[in-house]
Amino acid sequence: MADNTYDAIVIGSGISGGWAAKELTEKGLKTLMLDRGRNIEHVKDYLSANKEAWDFPHRGRRTQQMIKDYPVLKRDYPLNETNLDYWVKDSECPYTETKRFDWFRGYHVGGRSLMWGRQSYRLSNFDLEANAKEGIAVDWPVRYNEIAPWYSYVEKFAGISGSKEGLPQLPDGEFQPPMEMTCVEKDVAARIKDHYKGTRHMIIGRVANITLPLPGRTQCQFRNKCWLGCPYGGYFSTQSSTLPAAMKTGNLTVRPWSIVTKILYDKDKKRATGVEVLDAETMKTYEYKAKIIFLNASTLNSAWVLMNSATDVWPDGLGSSSGELGHNLMDHHLGVGASGEVEGYEDKYYYGRRANGVYIPRFRNLFGDKRDYLRGFGYQGGGNREGWSRDVAELNIGENLKEALSVPGHWRMGIGGFGETLPYHENKASLDKNKKDKWGLNVLAIDAELKENELKMRKDMQQDAIEMLEAAGVKNVKGHDSNPYLGRGIHEMGTARMGKDPKTSVLNKWNQVWDAMNVFVTDGSFMVSAACHNPSLGYMAFTARAADHAVAELKKGNI
């Protein structure tokens with residue numbers, strides 16, 4: 001638009017940014033969506049989507065050079081050859097770890113919507129009421145009945161496959177037909193239900209992989225190559241879903257390679273007027289103006305933008321008047337669970353490579369159960385047969401080895417826990433004024449850790465996993481517990497929590513920054529507590545709700 005002026009600006013193009021762009025443009029607002037990285041076009045730019053392991057020089061595995069270039073990413077599974085260009089190069093975008101925090105990022109149009117695990121669950125009132133009941137942090141300013149219609153709204157568009165279970169701690173949604181469990185999973189699920197008299201449940205994961213076609217999208221092909229980009233649109237991403245919808249309106253402009261360095265603020269009007277952008281390729285600076293700004297750069301990057309804004313009014317940034325900006329950083333803690341062997345079923349197999357697993361919803365500290373810690377955990381996992389890559393030590397050469405590897409191996413069953421982390425004020429991110437990135441910008445310093453409550457929880461997470469699998473007849477069950485560090489869940493939350501009081505929160509119940517009511521933050525930053533399941537579906541629902549409120553307030557002249 002002329003003179004770089006729009007009705008709305010969306011900062012970030014991932015799961016929540018894509019939704020903001022869709023909702024605002026469909027409501028008639030001329031919208032600019034900014035992303036700090038390169039553009040990735042749907043289908044055309046999924047360069048590895050149809051490759052197999054043998055098509056990669058190193059069979060998709062990591063090399064010594066990759067390990068050297070990606071010192072953070074190497075800590076877990078994301079570092080591999082198949083989609084390396086989707087992940088941030090640590091050397092270009094460093095950060096300071098006051099305590100170890102594994103920050104895995106994707107800077108490109110679509111963000112981590114291209115690589116996410118797609119598990120999609122609703123918050124319940126158990127989650128939304130817990131802080132108030134336990135005296136932890138601050139109370140959520142919303143309850144389930146307020147957000148439930150928005151969950152339904154985004155589920156229908158995104159496409160969530162799953163089964164309705166009637167569990168109060170895991171509300172049902174608007175589901176496409178569920179994917180099928182393997183024979184082993186079905187039997188293990190039945191035995192767990194029977195052994196625990198219906199108090200514990202193993203269900204198929206609720207996943208943003210469609211099992212029926214949606215406009216412009218073909219149902220999941222069971223290739224399990226989601227994080228390479230899906231040319232069929234089988235899973236929800238910005239590229240497959242929200243971006244095409246926004247572009248269809250004719251109201252969206254997308255500008256990649258645009259690092260938003262600050263939100264421009266008018267202290268007399270107490271409103272944001274636009275953003276300052278550093279072109280990541282040319283290093284030139286631009287300003288864009290708008291009536292509404294949606295900040296969706298992902299939790300930690302959104303905190304960085306706020307901290308870097310309005311510092312002439314508030315030394316710690318826009319939204320810092322409560323003293324909570326950057327604080328209450330959360331993630332789910334994982335790396336703990338159990339697995340074992342399942343005897344029999346040698347004549348059984350399964351179809352395709354299901355891009356999903358099973359889920360065991362939270363059962364601790366609910367329905368009369370009381371532990372020596374607060375909150376709880378769920379499990380994700382699956383049961384399948386070992387493939388050709390298994391190690392057959394007794395047949396390690398020649399014809400016998402070939403014969404052994406020509407048939408599937410034994411069935412195995414494993415589950416891994418996802419535990420809730422409490423919102424501790426001292427778990428935080430702040431600007432490191434002594435360290436800069438490739439573009440000369442100050443980086444974040446992250447100071448967050450698991451505390452006694454989570455460490456106590458992890459003991460149950462391992463022991464309960466062992467106990468359930470053994471009760472279900474799984475043999476040689478072994479527990480594991482490794483690397484209890486935050487960041488591994490890739491579910492960064494908090495840093496700009498919503499609340500009822502501007503003295504104790506950064507955002508109000510509509511995701512508006514108390515200090516600038518025309519700025520909305522709807523990525524994981526707004527989370528007041530973490531629950532114990534994947535949060536991205538909530539970001540979609542809260543974003544759609546906030547966009548609806550923003551346009552209504554704009555029409556009333558309130559912002």
Using 30° and 60° as the class boundaries, would you call the ring planes of [X] and [Y] parallel, tilted or perpendicular?
{"X": "Trp87", "Y": "Trp227", "answer": "perpendicular"}
{"X": "Tyr153", "Y": "Trp150", "answer": "perpendicular"}
{"X": "Trp103", "Y": "Tyr95", "answer": "perpendicular"}

I need the [X] [atom1] to [Y] [atom2] distance, nearest 0.5 Å.
{"X": "Arg112", "Y": "Ser298", "atom1": "CZ", "atom2": "OG", "value": "5.0 Å"}
{"X": "His332", "Y": "Glu492", "atom1": "NE2", "atom2": "CD", "value": "11.5 Å"}
{"X": "Leu84", "Y": "Thr82", "atom1": "CG", "atom2": "OG1", "value": "8.5 Å"}

Does Arg200 count as lying over the ring of Phe363, i.e. NZ or CZ under 6.0 Å from the six-ring centre, within 45 degrees of the axis?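 Verdict for Phe363: a cation-pi partner in Arg200.
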
Within 45° cone of Phe157 ring axis and under 6.0 Å: Lys22 NZ or CZ: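 Yes, Lys22 and Phe157 form such a contact.
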
Test side chain to side chain contact (heavy atoms under 4.5 Å, CB included) applied to Arg100 and Arg75, step by step: CA-CA 11 Å; Arg100 175 174 165 176; Arg75 297 174 185 172; 3.6 Å; yes

When you look at Tyr121 and Gln119, which way does the side chain to side chain contact (heavy atoms under 4.5 Å, CB included) test go after all the steps? CA-CA 7 Å; Tyr121 302 99; Gln119 295 291 299; 2.5 Å; yes

Using the benzene-type ring in the case of Trp, are the ring centres of Phe367 and Phe126 under 6.0 Å apart? yes

Would you say the ring centroid of Phe294 lies under 6.0 angstrom from that of Trp19?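 That pair fails the under 6.0 Å test.
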
Residue pair Tyr86, His108: steps toward the ring-ring contact (aromatic ring centres under 6.0 Å, His included) verdict: CA-CA 7 Å; Tyr86 284 1; His108 50 257; 5.4 Å; yes

Would you call [X] and [Y] a salt bridge, taking side-chain N to carboxylate O under 4.0 Å as the test?
{"X": "Glu81", "Y": "Arg62", "result": "no"}
{"X": "Asp464", "Y": "Arg364", "result": "yes"}
{"X": "Asp85", "Y": "Arg38", "result": "yes"}

On a heavy-atom basis, which atom in Thr242 and which in Gly18 lie closest, and how many Å separate them? CB-O, 3.3 Å

Considering all heavy atoms, the nearest Ser302-Ser525 contact: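 Nearest heavy atoms, Ser302 then Ser525: CB-OG, 3.6 Å.
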
Any chance you could lay out the side chain to side chain donor-acceptor pair (under 3.5 Å) test for Trp514 and Ser321, step after step, and finish with the verdict? CA-CA 9 Å; Trp514 289 109; Ser321 60; over 6 Å; no

Criterion side chain to side chain donor-acceptor pair (under 3.5 Å) on Ser16 and Asp523, from CA distance to verdict: CA-CA 6 Å; Ser16 62; Asp523 55 22; 5.0 Å; no

When you measure from the side chain of Trp116 to the backbone N and O of Phe236, does any donor-acceptor pair fall under 3.5 Å? yes

Applying side chain to side chain contact (heavy atoms under 4.5 Å, CB included) to Val10 and Leu32, what does each step give before you reach the verdict? CA-CA 6 Å; Val10 178; Leu32 172 67; over 6 Å; no

If you apply the rule side chain to side chain contact (heavy atoms under 4.5 Å, CB included), what do you find for Met115 with Asn83, and how did you get there? CA-CA 9 Å; Met115 305 101 83; Asn83 69 346; 4.1 Å; yes

